[in-house]
Each structure stands twice: as structure tokens, then as C-alpha cells.
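These notes concern the structure reproduced below.
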There are 4 protein chains.
Amino acid sequence: MSASPRTARGVETRRKLLAAAERVFADHGYHEASVSRITDRAGVGQGTFYLYFDTKLDIFNELVEDLNHRVRQAMSEGARGATSRLEAERAGFAAFFRFTAEHPALYRVVREAELVSPDALRLHYTRIVEGYIDGLRDAAEDGEIGDIDPTVAAWALMGIGEMIGMRWVLWGDPDAAPGDDADPTASGTREVPPHVLDEMMRFIGGALGRPELAGDRRDGAPEKEES
Amino acid sequence: MSASPRTARGVETRRKLLAAAERVFADHGYHEASVSRITDRAGVGQGTFYLYFDTKLDIFNELVEDLNHRVRQAMSEGARGATSRLEAERAGFAAFFRFTAEHPALYRVVREAELVSPDALRLHYTRIVEGYIDGLRDAAEDGEIGDIDPTVAAWALMGIGEMIGMRWVLWGDPDAAPGDDADPTASGTREVPPHVLDEMMRFIGGALGRPELAGDRRDGAPEKEES
Amino acid sequence: MSASPRTARGVETRRKLLAAAERVFADHGYHEASVSRITDRAGVGQGTFYLYFDTKLDIFNELVEDLNHRVRQAMSEGARGATSRLEAERAGFAAFFRFTAEHPALYRVVREAELVSPDALRLHYTRIVEGYIDGLRDAAEDGEIGDIDPTVAAWALMGIGEMIGMRWVLWGDPDAAPGDDADPTASGTREVPPHVLDEMMRFIGGALGRPELAGDRRDGAPEKEES
Amino acid sequence: MSASPRTARGVETRRKLLAAAERVFADHGYHEASVSRITDRAGVGQGTFYLYFDTKLDIFNELVEDLNHRVRQAMSEGARGATSRLEAERAGFAAFFRFTAEHPALYRVVREAELVSPDALRLHYTRIVEGYIDGLRDAAEDGEIGDIDPTVAAWALMGIGEMIGMRWVLWGDPDAAPGDDADPTASGTREVPPHVLDEMMRFIGGALGRPELAGDRRDGAPEKEES
DNA sequence: AATGAATGAGTGTTCATTCAT
DNA sequence: TATGAATGAACACTCATTCAT
């Protein structure tokens, strides 16, 4: 039923719908977001929506796909120029957290995807993880990290990033009691504090078999302090 | 409006409703789960629901709370008897994965809670993390692990468990292509393969500054030290 | 199904239910008043209600009946001892307004009765009007008032009392703009200002053919009309 | 959410809904009138209602407003051409009773408004009363009536009209016992008998200080007016 | 290409009433 | 006499989707 736009005007309308949908999904989640809210924000008639998308799920999936591209691009751009795997990892995480802070939609939309469109979620995570796996494999070949299983490690890294991002970016102030910040749209602009990022990288560095590369205060580390 | 049951019959009805709700939420998620589906499955009239719960959100929150208790109990029971922090960690994760496999509701309900009842989600994660933090602090005092920041580490562990659990328990077969397993109710009985658990623990062991305790094949650790 | 109470305890319970119903109907109106609210306020179980009343409409009708008795008693007590019809009228109205101020339920319940139980409403008004008619007839025989049709006059008096009561007792401050006092339960304690009562009685005095008896400032009419 | 119709079709649909609502509210009152009954009678889908009205209360308020305009227009049209205040009053009342007979909804809807939408009720009465007040003030300046307080008199007139209208128009036959006419839809076509209108106007004429202008059989007025 | 109108199945929730104890 | 449990029909309202223009 829906079709690709054939005119410049159509292309523009489709774009407006996607942009509006990102805002609306981010603000309200999938279920509370109504097609009419999307078309309202896009400034088009309700029927116009179905010119470009078959269903509400359709535009949602496209949006998840799009966010996936953008976050991966942000991460690899962030990591570009890093001179070691861990440096790349750190830069990638930093980019990921920055992206999350700027687009809290990512978290919300993606996590909601689990129930709404499980395939979209799997694809999203899988693609990011694949990037990790490749990087880890290269680093292992170069002896840069230990011989940890890259698949398991990649999923673990994914989980760390997700949870730290949720905790420090989405929730914000560590001391905020639950309930202090109930408005989900209000909390999307925090940063991961530097020491948290440091500790997280030390954690990851150790995990990957190169504690000394992550900077350290680690007990059994031969040269560095304590000695 | 809702009240606690005052008779045995009422207690039983309330229990049936909670059990039904767990099933229905797990199968369909919060939004697709309708009160009438819950009451149907519980075998009671629709109005009966409101004798014991004020709103649909109410029973959802109670369920999240309940699941939180149960998973934490499962984890600490699993970890009981461990002789080291890492052993406890491993046993705790194993218990967590087992619980997840038996109650896929946990994942689905909890993750959806983010949009439906953010406080419930935060409380859930925070409580589990607090358990981690205590354990890590004790272990650090005993010199069992490195001096990693316990809060950051705890959230990282939480994320690892979540993601590994999602990947290997909920999704099941690593090679299953997305789309092969779209029915969310069909995939709740997998186990985390032993080697994945092993690798995960090596990852965590390294992260916590005691790679050698986690068992290893690590490059830079020729024949364990510590001897 | 319902029965008269056979024990002192039952009499008491029935009384509690009626008292609770008056409060609840007054506060919420017929439709918003639920049986459970009534039983809650009465401090009895929900089922107990149906021991004494067949339906919600039943207790409502009984309440209207009861209020009717009470307001008529208040009015005739107020009027007792008056030495002329107009004095009696004034005292009766004053009593009526006082009763209204103390029991705003009267107005609300009675007016709602029009749709809920039209018979109850008619009976209520008719009974009060019959009292007026009798009084007017007597007064006419005594030459105390003009020979106005007592039935029409009685209904007119009823209407005047109702409207003045609504305007000055229920609504309160004459200058309050609509909306300033939207809470219907908050405005039941006003009084009809003395000059309003005075003017009203002058109006009625003239209507009944005895302007001079009502006190007057009437234009050029030292002793009746114009001549 | 609701919007003004943008096409002729929409205008027509909205009109049908209002007309249906007037019938349904008049027949059943606010609470028994369900949106689905309204849409059924209008011959549109249930959802269509919410295209033009936000809530059931919304259309109710609009209806009260509309009825207020119409009754005031009917009254001033009825009074147009009267050569004295009392003549105008009589014509106005006659128009009011005629309108009531043709639109019994007025009474029912407006009286129920007291509980449903108190502001609407106050506005309704206040607007009519303001018309009375203006007329009375003019008449007083012209010496046409006594110097009665116009505000109090206006509310009194409002009450008289309401009550006489209820008694003779809505209830119909004076001798009908309560219960004979329980169907509220069946009684909307009566007229106020001429002698009742006559007596009512004599009552009012006396009240306003000009008994002789209202026609009379008054004791102290041996051979009619003015001569 | 665009749109406003229309729909009807579906939602969470309420409540007068019945009944077993 | 008293009650808490249970019910199911009913309600106001929402929304993804279709369609005529």
C-alpha cells in the first residue's frame, strides 16, 4: 500500500514524518505515541502517513534501523584515530554516551523494541556487537589483549555500556532517589562523570587481560604504584 | 478502593490474579496485556480484579516488586556456600540465568517497566546492584579483588548479566537468525552454555583484578602466579 | 427483599445508613453517590445495605420524603406565632432559607430528583405548596390579602423561594463570577442578606394585594393605588 | 483533540450530533444519556463523536449554552411590540412557556446542569435574569412600576416562571396524580392554561407595584384601574 | 500527493446487585 | 443480622486504519 515517494515533495514529506516520529516515540514510547500525534507534529494530514508507511510498526522499525546506523557511526567516528584497542573502546563508549545523552530516544525506543519488534532489537544489538567482535579479534591477533572469547566479551561490553548509560546518562544524578525524576523526558542530557568512565575502563581493561593498559591502581601490578 | 482480602477465599483469588498477571504480562507485555485477559486466565470476573488492585499499573508494580524479591533470593541462595567472591559471583549469575530461563517474565516485564513505571525499574536494578556493591566491598577489604570502584563495577556486572542473559537465555541458539524465533513465549527455556559462562567469568575475573582466580588461558599469565 | 428491622440493632443500622446516604447524596448527587460509599460512611458492610433497602433509588426516595417532612416542619415552626399572613410568610421563608443553608442537600437532592424520581419531586413540591394554599385561603377569607388565586400564588411563592434560595444561599456572594465557587459542597452556609429578604417580602406583599403590609417605599401610593 | 469541522460534511455531522444530543439528554438526562445512544441516534460511529467534542460534558455545555440563546431569543421576540413592561413580561412568559412546551429539554437539561456543570447553570439563569433586570430598571425610570429592587425582583420572576412552567407545562394536568405521567418524554406539549397565566400576571403586577395595570379583581380596587 | 472524515473494536474502570457464609 | 466476595453489563474514551474527495 505504501510507496516510495516519487517526487521531491514526497521525499520531503516522508522525511518530516520520520523526524516527527523520532520525537514522538522518544517522548512517549511506542504505545503512547499515536499516528495522529506524529502527523500533527509533522504538520501533515493523518491520511498522509499511510502514503509512506504501511503501519505504525513500520515507521518504528525504520526508526530503530536508522538510530542503529547513527549510533554506530557516532561510535566509529569517536574511535577513529585511537592508537590502541582500549583507547578505541574508551572513545567508542564516550561517543555512545554522548549520543545517548543527545538522543535519549535511543534507549527508550530500542528497549521498548524488545516487545514491539523483537527482530529489530536483535538486529540492533547484533550489529553493534559485531563491530566489537571484529575489533576484539584484531586486537587479540595483535597481542593487544588477552585471548578472551571475543563474542562473549563483546556482549559483555554491550551490556556494560547499556547499563552504565542507563544509570548515569538517563537517570542522571546518582543520589536522586527513585521518584525524584519521574518525568522520563526530562533527564536526557546528563553526562557520565569522568571518574565513572575511568573506572569503567579500568574494569574493561582488566577484563580484556590488559589491566596495565587501562591505567591502574591495581594491587598486583608490578611497576606503577604500591611497589 | 482496592483492599486486602479479609478471607481465605479472597487471599486465594488475589493470588490467582497475580499468577495470571505474571503469565499474561510475560506473554504479551504490559500494553497488550488487558485486564480482561488477566481475569479470564485467573478464571474470575472482570470486576473482581478491582477488588484487589486499583489499576492495571498497580498489579504490574506489585509483580515487578515480587519478581525482584524472587530473583534476589534465587541469586543469594545460589551463591550461598561459595568460598570466594568470584565463586559467589559465578553461582549468583548461574542462578540468575536459571531464574530467567524459568521466568522469562522477568526480562520482559522489567524492561518494559522502564516506560511504564520508571521507578519500579530503578528500584529493581538498584536493589540488585546494592547486593553486588556490598559483596564487592567485602571482597576488596579481604584483598580478594582489586580496588576497583564497587559502584561502577556493580553496575557493569548488572549490565553483563542482563545482556548475556538476553543473548543466551532469551534468544537462545546463538546461530538462530533474527526472525526464526519471533514468538516470545517459545524461547524461555534455554541455558547459558557452559563455555559462555566460563568466558564471562574470566572476563569478570580480569575486570575485578583477579584474572588468575577465574581460571585462565590468558597470554601474559604463563603459569598463574600466586603459587 | 428488604425488610423493616426487627431488633434495636437493626433500627440503629438502618438509621446509620440513612444518615450516611444524606451526606453522600448531598456531597455527590445521586449518580456519583455509590452504595459502597454510603455503606463505607455508615461503617457497615456493603451487603448490609440490601437488608434495609431494595435499591439505591429506594433510599433516595425515602430521603427526599424525610427532607420534605423536615423542611415543612422547620417552616411551620418558623411561622408559628406570626400575627399576619405576610408575617407568617416571611418567617416561613426565613426558616426555609435557614434550613437550606444548613442542609444544602435539600436543594441538590430535590432538584436531582426531577430526573431520578419524578414522583418524589412532585410530591415534595406539592406538599409544600398545599401548605401555602391553605394559608393563603385562610388569609383571603380573613380579608388579609387580595383575592388572588391561591393555587397559582402558592406555586409562584414556591418558585420565588427556590430561586432566591438558590441564588443567595447556595451560590452565596452575589458578585462571585461563575467559576469562582465551582465546588458545590463548599457553598452551603450563606444567608440571604436582610435587604434581599425585605425586598422579596415587599414583592410578595404587593403580589398578594397588600403592599402596605409588607412595609413600603412605593412611589406615590400613600394608601393604595393612585386614585 | 476535538476540532471544528473543516468541510461541509463535517459541519453537517456536528449538527446531527448536537440535535441527537438534545433529544437524548432531554429524554434521559445527562447520566443516562450515553455517548453511544447519541451517536446511534445521529447515525454515526461512536468514534465520530470525539471528532467534534472532547467529552460528553462538552456537548452538554454547548447544548445548555445553545438552549440559553434560543430561549432568550424566543422571549425577546415574544415581548417585541409590547407597549408596557407588564405586557412585555406577559408576552415574555408566554414565549417562555411555549418554548418549554416545545423543548422540554430546556428544563431537564438545565436543572440537571446544577450538578453536572454548575457554571453552565449559573450562566444560564444569570443571563436571563440580566434581561429582566434591564427591563425592570427601564420600567422603573419611566414610572411604570414601583421602586422595587430590580435584582431581587428579577430573580423572583425567574423563579415564578420556572415553577409555573414546571407545574403546568411539564407536569401538565393539574389533577394528574403523581405517577400517572411518569414517562418524562410524554408530557412536553402542555400549555399553561389562560387563567393561570392571568393570575400569574396579576400576582406579578401587584408585586411590581402596579396591580391596576395587570387587570384585577382585587379587593381594595372597587372598579378597576385608573379610570 | 494530500487530507479530513469516519469507523468500530478495544481499553481500563465502575457499580448496583446477589450470594455464600 | 451482617458481611466481604463476586459479578458482568455498562460506560467514556482512544486509535490504527480506510476512504472519498
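Just so we're on the same page: letters track the sequence lines, and every chain starts at 1. Since we're looking at a predicted model, the values are computed, not measured.
- Side-chain nitrogen and oxygen atoms of A:Arg37 include none within less than 4.0 Å of the OP1 or OP2 phosphate oxygen of F:dC15.
- Of the two residues near DNA chain F, C:Gly43 and A:Ala33, the one whose nearest nucleotide lies more 5' is C:Gly43.
- To the nearest 0.5 Å, the span separating OH on B:Tyr50 from OG1 on B:Thr39 amounts to 9.0 Å.
- A close approach under 4.0 Å does occur between a side-chain nitrogen or oxygen of B:Arg9 and OP1 or OP2 of F:dA6.
- No contact: C:Ala8 has no heavy atom under 4.0 Å from any strand.
- Closest to the C:Lys56 side chain, of the nucleotides F:dA16, F:dA5, E:dA16, is E:dA16.
- Contact annotation for B:Pro5: backbone-only contact, meaning every heavy-atom pair under 4.0 Å involves sugar-phosphate atoms and none involves a base.
- OP1 or OP2 of E:dA16 has not a single side-chain nitrogen or oxygen of C:Ser36 nearer than 4.0 Å.
- A straight line from CZ of A:Phe53 to P of E:dA2 spans 12 Å, rounded to a whole angstrom.
- Computed from coordinates, the D:Glu32 CD to F:dA12 C1' distance equals 14 Å when rounded to whole Å.
- Contact annotation: B:Thr13 side-chain N/O to F:dA6 OP1/OP2 distance is under 4.0 Å.
- Ranked by how close their nearest DNA chain E nucleotide is to the 5' end, D:Arg14 and B:His31 are led by D:Arg14.
- When Watson-Crick and G-U wobble pairs are counted only if both distances are under 3.5 Å, F:dA10 pairs with E:dT13.
- Atom CD1 in C:Ile59 sits 10.5 Å away from atom CG in C:Asp66 (nearest 0.5 Å).
- Here the side chain of D:Arg37 pairs a donor or acceptor atom with the backbone of D:Glu32 at under 3.5 angstrom.
- Taking atom CZ of residue B:Phe60 and atom C1' of nucleotide E:dG12, one finds them 16 Å apart after rounding to whole Å.
- Here CD of C:Glu62 is found 12.0 Å from CD of C:Glu22. Values are rounded to the nearest 0.5 Å.
- Taking only side-chain nitrogens and oxygens, D:Tyr50 never comes nearer than 4.0 Å to OP1 or OP2 of F:dT14.
- Remark on DNA chain F: of its neighbouring residues B:Arg6 and D:Phe49, the 5'-side contact belongs to B:Arg6, judged by nearest-heavy-atom nucleotide.
- The side chain of A:Ser34 sits closest to F:dC15 out of E:dA1, F:dA5, F:dC15.
- The CG-P distance, from D:Leu51 to F:dC13, rounds to 15 Å in whole Å.
- Nearer the 5' end of DNA chain E, as judged by each residue's closest nucleotide, is the contact made by D:Gly47, out of C:Tyr30 and D:Gly47.
- For E:dA2, one of the phosphate oxygens OP1 or OP2 lies less than 4.0 angstrom from a side-chain nitrogen or oxygen of A:Tyr52.
- The partner of F:dT17, taking Watson-Crick or G-U wobble pairs whose two distances both stay under 3.5 Å, is E:dA6.
- Taking CD of A:Glu112 as the reference point, atom NE2 of B:His31 lies at 6.5 Å (rounded to 0.5 Å).
- Using a 4.0 Å cut-off, some side-chain N or O of B:Thr48 falls inside it from OP1 or OP2 of F:dT7.
- Between C:His28 atom NE2 and E:dT14 atom C1' the separation is 15 Å, expressed in whole Å.
- In this entry the distance linking NZ of C:Lys16 with P of F:dA2 reads 8 Å, nearest Å.
- Ion pairing between D:Glu12 and D:Arg9 fails under the 4.0 Å rule for side-chain N and carboxylate O.
- In this structure, of F:dA16, F:dT1, E:dG8, it is E:dG8 that holds the atom nearest to the side chain of D:Gln46.
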